[in-house]
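Note that this is a predicted model, so its numbers are computed, not measured.
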Amino acid sequence: MWTIDNRNRYDRGKLRYPSDLTNEEWSYVKPLIRRTKRGGNRRHVDEREIVNGLMYILSTGCQWRAIPKDLPPRSTLYDYFDLWTWDGTLDRIHHALYGLCREQAGRAAQPTAAIIDSQSVKSAEKGGARSTPQAMMRARRSRARSGMFSSTRKAC
């Protein structure tokens, strides 16, 4: 229900973009980002601005080239997106925030039930995509055209 407290809590009008993180949100995300390796160069960009830039892209769906000029350059954003995807930082952030949202809603951090529809069960019984007629025909054709198959046939 929208009360005065809830409206103030979810008001993003004071932020530069609605996708920017508030101080409270940043306090959850900051510990999940790994520090630079010892002996390496220091980061010259603000991590919060990187996260704000990535959140802008994810929330608006804009192209990398259409990132506003007051956010970090697209090459920097993409490099961090690529690095954090590779080293699992984005997965850690998602997992931690997902669990936190579930706990705030009064549920367990990890789901305890799953829903399986009848279509999933049917495809699992048949063996999935491998048992479809197209997949079987592709396998027969490729084996029949291979040099190994024809040479063993002549030898018999």
Query raised in the report: Just one of Leu58, Thr60, Leu54, Asn52 clears the side-chain contact (heavy atoms from CB on, under 4.5 Å) bar with Tyr56, so which one?
Result: Thr60

Report task. Kindly determine whether Val51 and Trp26 satisfy side chain to side chain contact (heavy atoms under 4.5 Å, CB included), including the steps that lead there. Result -> CA-CA 9 Å; Val51 175; Trp26 177 242; 3.8 Å; yes

Query raised in the report: Is there side-chain contact between Pro72 and Val45, with at least one heavy-atom pair below 4.5 Å?
Result: no

Requested in this report: Could you tell me whether Arg35 and Glu47 have a side-chain N and a carboxylate O separated by less than 4.0 Å?
Outcome: no

Query raised in the report: How many angstroms lie between atom OG1 of Thr22 and atom OH of Tyr28, to the nearest 0.5 angstrom?
Result: 9.0 Å

**Report entry** Least distance between heavy atoms, Leu21 atom then Leu15 atom
**Finding:** O-CD2, 4.3 Å

Report summary line: Between Arg48 and Asn23, the two heavy atoms sitting closest are NH1-OD1, 2.9 Å

Query raised in the report: Heavy atoms, side chains only, cut-off 4.5 Å: are Phe81 and Ile57 in contact?
Result: no

**Report entry** Backbone N/O of Leu32 and side chain of Arg92: donor-acceptor pair under 3.5 Å
**Finding:** yes

Requested in this report: Sequence neighbours left out, what passes side chain to side chain contact (heavy atoms under 4.5 Å, CB included) with Leu83? Give chain and number order.
Outcome: Trp86, Asp87

Query raised in the report: When you measure from the side chain of Glu49 to the backbone N and O of Asp46, does any donor-acceptor pair fall under 3.5 Å?
Result: no

Query raised in the report: Would a 4.5 Å heavy-atom cut-off, applied to side chains only, mark Leu71 and Ile50 as touching?
Result: no

**Report entry** Pairwise side-chain contact, Tyr17 with Ser59, heavy-atom cut-off 4.5 Å (strictly under)
**Finding:** no

Query raised in the report: Can you tell if the side chain of Leu90 reaches within under 4.5 Å of the side chain of Tyr80, non-hydrogen atoms only?
Result: no

